[in-house]
Each structure stands twice: as structure tokens, then as C-alpha cells.
Number of protein chains: 2
Amino acid sequence: MFKKVLIAEDMQDINKGVHTTLCELGIQEIHEVQYCDDALLKIKKAQADGAPFELVITDLSFKSDWREQNIQSGEDLISVLKKEFPNLKIIVYSIEVRIQKVRSMISNYNINGYVCKTRRGLLELTKAIAAIYKNKQYLSPEVSQALSTKNTLEIDDYDILLLTQLSKGLSQEEISQYMKENQKTPSSLSSIEKRLNKLRIDFKANNAIHLVATVKDLGLI
Amino acid sequence: MFKKVLIAEDMQDINKGVHTTLCELGIQEIHEVQYCDDALLKIKKAQADGAPFELVITDLSFKSDWREQNIQSGEDLISVLKKEFPNLKIIVYSIEVRIQKVRSMISNYNINGYVCKTRRGLLELTKAIAAIYKNKQYLSPEVSQALSTKNTLEIDDYDILLLTQLSKGLSQEEISQYMKENQKTPSSLSSIEKRLNKLRIDFKANNAIHLVATVKDLGLI
DNA sequence: TATATCCTTACGGCATTCCGTAATACAAAA
DNA sequence: TTTTGTATTACGGAATGCCGTAAGGATATA
């Protein structure tokens with residue numbers, strides 16, 4: 001079994017829950033951090049001391065508070081870690097169930113496991129740890145389709161940006177302006193209209209209000 | 001200190017984290033459930049056996065899964081418990097920070113504590129337990145204003161209904177129809193317009209889309 | 001080079017929303 | 001009963017959104 005594991009998770013209770021589980025698995029050295037910057041620091045330190053971490057279990061979202069942080073999100077943390085410590089195993093432990101998100105985490109960072117925080121989250125986590133210890137990738141059932149099928153609607157970053165601006169109360173005209181100012185293309189009012197129309201159809205929404213409500217429910221924005 | 005405590009929380013990891021904390025506080029008998037129905041059952045059983053629970057720590061939202069549940073939410077559970085077991089102490093432990101929600105929980109059910117799940121959630125929880133053991137109410141800082149100020153906008157059930165229909169993609173005309181069919185008043189198109197305009201101003205929203213996005217963020221719908 | 005295809009942009013008509021003003025209905029107070 | 005205040009409804013003009021059609025531009029294929 002792994003000997004040295006780091007938990008990066010801002011919520012104290014979950015942190016503790018995971019800790020207890022790792023203890024039960026017989027992992028000897030378990031460290032916890034509640035901030036991404038601390039995670040990177042600890043991992044660098046351990047490496048320098050010749051006793052590197054073997055596994056990191058990290059959340060994706062970290063609430064910001066009074067402490068200034070260089071690394072704002074779990075995704076940023078993973079990006080840095082996979083670059084500086086290619087051999088370090090990483091499990092994402094998150095409430096996020098967006099297939100698209102999981103797929104991008106896998107393809108961009110080649111994470112070793114993705115476990116959804118659910119009722120049985122800890123059980124899944126132990127399964128993931130066991131699998132990864134045998135050098136196998138593990139995805140909890142909710143997202144395992146991320147590897148196989150291509151069921152997802154093709155929603156790209158531009159769409160997300162568009163929907164975000166729309167939800168912030170900008171008119172289509174204002175969004176057009178915004179896109180021009182930010183060098184994003186397409187930026188014409190007509191294109192904005194067309195794109196939003198496509199999204200409305202994709203999401204079976206009656207109008208823009210319905211569209212925004214829907215994508216918010218899906219957690220896309 | 002309390003001797004017998006029940007934790008009702010669907011997420012395994014949080015459940016475990018809270019459990020560990022309670023152990024450290026020296027509470028002797030700690031029970032956990034992941035479903036509301038189980039909570040009620042356990043509490044009834046304990047009462048019948050002459051060894052009732054003294055304190056319940058419960059979440060508000062329970063994800064539904066394959067198991068059929070009579071009690072769907074923490075709020076429903078609390079409603080039942082405070083009716084059947086008036087002496088039972090209840091702490092809500094939730095990620096929900098809506099002042100309005102907290103206030104309604106206090107006034108409707110007279111809950112003994114409300115702790116927000118945050119970085120320092122468990123610390124707050126131990127404070128809450130200590131306070132409640134001394135028969136004092138405890139609210140974590142994020143929501144403590146719920147007791148004092150009256151900052152809240154007056155949003156009634158009609159507004160919620162209105163916003164809900166709007167978010168479902170109905171046009172103002174259709175909402176007017178809907179209100180007439182359901183004997184809700186006011187129901188004229190003009191009144192719908194006026195009310196939505198008021199809500200837009202209250203929530204400082206640029207347009208209807210922005211309004212719906214905002215109230216969804218606030219968890220009002 | 002020519003042709004096809006896709007993407008972006010432009011325009012126009014119609015529907016809905018936005019917003020101010022005013023009339024009507026209802027209920028409490030004089 | 002009359003008065004007064006509030007809530008509901010009605011209406012009209014301006015702005016925005018919705019939707020189809022079509023022109024212009026870039027890239028790929030023959």
C-alpha cells in the first residue's frame with residue numbers, strides 16, 4: 001500500500017473523513033492541507049527531503065478566503081504537479097460530475113483517478129486507491145462513461161463564455177461588444193444570435209431565460 | 001457533555017469527519033445515518049427503548065437515489081422531529097448560507113444551532129455543541145446576522161412561483177395564463193410585468209435573464 | 001483555377017419585453 | 001356613504017430578442 005499520501009481539500013470535515021479512511025487502509029503517513037499553495041509547498045519540501053509523496057488526493061474547487069493564494073483551483077494545482085512531479089499519482093475527489101470536465105482532466109493532465117463525492121464516495125475512494133496502487137486508472141461509475149462514449153453535446157469554451165456573459169445580464173448587443181473588445185471571434189451581433197439559437201435548440205430551451213436556467217442547473221456555468 | 005448523538009448526512013466522507021470530531025469531544029454513543037427515514041426510525045427506536053438521543057446533527061439536502069424515501073429533505077426531517085420530540089436538540093450542518101433559509105428554520109422549527117459547512121466547519125460545530133449543551137443557541141458567523149438584522153428583501157411565495165415559471169421558459173403572456181388557470185392573483189400580463197420589474201430592481205438585475213441567474217445563485221429557486 | 005462547404009456577418013419583419021402613464025377595482029378609514 | 005389609499009389592470013411607444021434569408025469570406029477538394 002501507499003506509504004505517504006497528501007489530502008488537499010478545503011473543507012475540514014471532508015478532509016477528516018478522508019483522513020480516517022486512509023488510516024483504516026493502513027497508510028502510514030497522511031498529510032492534510034486546506035490550501036492549494038500549501039499542497040505545492042509540502043510536496044516540494046518532501047521531494048527535497050528525499051521522502052516524496054506517492055499520492056495526492058485533491059478537490060477541484062477551493063473556496064477563497066482572506067488568505068491570498070497563487071494557485072486558485074485544484075485544476076491549477078494538478079497542472080503544476082503533473083509538470084513538476086510526473087511520477088506523482090493524483091486522484092481528483094470532487095462533487096463535479098460533468099463528463100466533459102472529467103474527460104478534459106484525463107486528457108490534459110492524465111490524472112490517475114477521478115472519484116465523485118457521493119453517498120458512497122469514500123468506498124469509491126478506497127477502490128480507486130487500490131486500483132492506482134496497481135498502476136491502473138480508476139473512475140467512479142458516475143463518470144466512467146467519460147472514457148468510453150461520446151454522448152456529450154459539443155459545448156466549447158466559447159459557448160461557456162457566451163452563456164456566462166448572458167447570465168450576467170448583458171444584452172446580445174453588449175455581448176457582441178464584449179467579444180470584440182476581448183478579441184474573441186465570432187463577435188458580430190448576428191453570430192451571437194445564431195450561436196445562442198443553436199444552444200437553445202441543443203438544450204431544448206424555449207428562450208434565453210430558460211437556456212440560462214438550464215445550463216445553471218447542469219452546472220455548466 | 002452529550003452522551004448520545006445522531007448524525008444525519010448523506011455524504012459518507014462528511015459523516016465520517018463529523019463522527020471523528022464527536023469522538024474527540026468524548027461523546028460516547030454516536031450513530032450515523034445516510035437517509036432521513038433511517039434517522040426518524042432510529043430516533044423512535046431509541047425513544048421506545050428508553051435511551052433517547054439527546055442531539056441530532058443533520059444536513060439539509062439529501063441526494064435521492066434508488067432507495068425510496070418518505071422524508072425527502074433535512075427540513076422535512078426537522079419538522080417531524082420537533083413535533084414528535086420537542087426536547088430533542090437539533091443542529092443543522094449545511095452548506096446553505098441563505099439568511100432567509102436560516103431565519104425560517106429558526107422561526108419555524110426553533111432549531112438549536114445552525115453551522116455552515118466551511119473550511120472551519122468542524123471547529124464551528126464543536127462550538128455549537130458546547131453552546132447547546134449549555135442550552136444556548138448557536139449560529140456560525142456566516143449566518144449569525146439572521147437573528148439580528150432584517151436586511152432581507154420581502155420575497156413571498158408568489159414571487160417564487162413567478163420566478164420558477166419564468167425559469168421554466170414561459171413567456172410573460174404564458175405566465176399570465178398559468179396564473180389565471182391556477183386561480184392565483186394577480187394574473188394579468190400587466191401585473192406580471194410590474195412584479196418582475198420590481199424583482200429586477202430588488203435584485204439589481206439588468207434583465208429577466210440576469211434576474212433568473214441571480215435568484216438561482218441565491219438558491220431561491 | 002474552379003467548385004463546394006463551412007463560418008461569419010448583414011438585414012428585415014415580427015414577437016416579446018421593457019417602462020412609463022393612467023384608468024379601474026377593492027378595501028379600510030372617516 | 002364618501003374619502004382615501006393601495007392593488008390590479010390597461011395601454012402605447014421604444015428597445016430587445018427571435019427567426020429566416022442571404023451575401024461575403026476562408027479553406028478544402030477536385
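From a predicted model like this one, the values you see are computed outputs, not experimental measurements. Lettering of chains follows the sequences in order, A, B, ..., and the numbering in each one begins at 1.
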Protein-nucleotides 23-25 of chain C N/O pairs under 3.5 Å:
none

Results of salt bridge (charged side-chain N to carboxylate O under 4.0 Å, His left out) for K117(B) - residues two or more places apart only: E9(B), D59(B)

By the salt bridge (charged side-chain N to carboxylate O under 4.0 Å, His left out) test, which pairs, at least two apart or in different chains, include something from residues 73-88 of chain A? E75(A)-K101(A)

Do any of residues 171-196 of chain B sit with a heavy atom less than 4.0 Å from DNA chain D, and if so which? P186(B), S187(B), S188(B), S190(B), S191(B), K194(B)

Considering residues at least two apart in sequence or located in another chain, which fulfil the side chain to side chain donor-acceptor pair (under 3.5 Å) criterion with H31(A)? E29(A), K42(A)

Please identify each residue that fulfils ring-ring contact (aromatic ring centres under 6.0 Å, His included) with Y133(B), with sequence neighbours left out. F2(B)

How many whole angstroms separate atom CD1 of I209(B) from atom P of dT16(C)? 16 Å

Taking only N/O atoms, report every protein-nucleotides 13-15 of chain C pair under 3.5 Å with atom names and distance.
none

For E54(A), give me all partners under side chain to side chain donor-acceptor pair (under 3.5 Å), at least two apart in sequence or on another chain. none

R67(A) and D38(A) ion-paired at < 4.0 Å: yes

Flag the pair D156(B) and R195(B) as a salt bridge only when some basic side-chain nitrogen lies within less than 4.0 angstrom of an acidic carboxylate oxygen. yes

Quick check on the helix from dT1(C)-dA30(D) to dA30(C)-dT1(D): what's the angle between its two end axes, five base pairs per end, to the nearest 10°? 20°

Pair listing, salt bridge (charged side-chain N to carboxylate O under 4.0 Å, His left out) test, anchored in residues 160-186 of chain B, at least two apart: none

Whole-Å distance separating the CG atom of N197(A) from the C1' atom of dG20(D): 10 Å

Holding to ring-ring contact (aromatic ring centres under 6.0 Å, His included), I want the full list of residues that pass it with Y138(B), two or more places apart in sequence or in another chain. none

Separation of dT16(D) atom P from L166(A) atom CG, nearest Å, is 14 Å

Residue pair V56(B) / I91(B), side-chain heavy-atom distance below 4.5 Å: no

Sorted by chain and number, sequence neighbours left out, side chain to side chain contact (heavy atoms under 4.5 Å, CB included) with S188(B) holds for S190(B), S191(B)

